[in-house]
Amino acid sequence: QHIACRAGSFVIWDNRLPHANARLNQGDVPRECVYISFLPDVDVNRAYVQNQLEKYRHRRVCTDQWVERDENTIEDELDEYMFSALGRKLMGIESWD
């Protein structure tokens, strides 16, 4: 079911459902969107997050269900992102303790 949204709308949904952000865009300008994802704190998700963090730390390509890339590729052109203190905790780089 299509859910029409005006510019600036905030839509929350279960990302396991099929979805798209541009299929019905009838304007001349591409729509921009920001995806924010949260995972339930269960074993399988903790393992996934830990794996993605290790890839980030070793400058390996992070993969997901949408992007097919060689996991062993090293991203030489990536700049080291400087996370804030909160960002380092949210990313699991630093402990909350």
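Each residue takes its place number in the sequence, starting with 1.
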* Is any side-chain heavy atom of Leu90 less than 4.5 Å from a side-chain heavy atom of Trp96? -> yes

* Name all residues meeting the side-chain contact (heavy atoms from CB on, under 4.5 Å) criterion together with Arg6; count only those two or more places apart in sequence or in a different chain, and write none if there are none. => Ser9

* Structure fact -> For Val29, the other hydrophobic cluster members (4.5 Å side-chain criterion, sorted by chain and number) are none

* Structure fact -> So CG of Asp97 and NZ of Lys89: to nearest 0.5 Å the spacing works out to 9.0 Å

* Quick one: salt bridge (charged side-chain N to carboxylate O under 4.0 Å, His left out) partners of Asp28, sequence neighbours excluded? -> none

* With side-chain contact (heavy atoms from CB on, under 4.5 Å) as the test, would you mind laying out the steps for Tyr56 and Ile93 before giving the verdict? => CA-CA 10 Å; Tyr56 167 79; Ile93 296 169; 4.3 Å; yes

* **Interatomic distance, Asn45 atom CG to Gln50 atom CD [nearest 0.5 angstrom]** => 13.0 Å

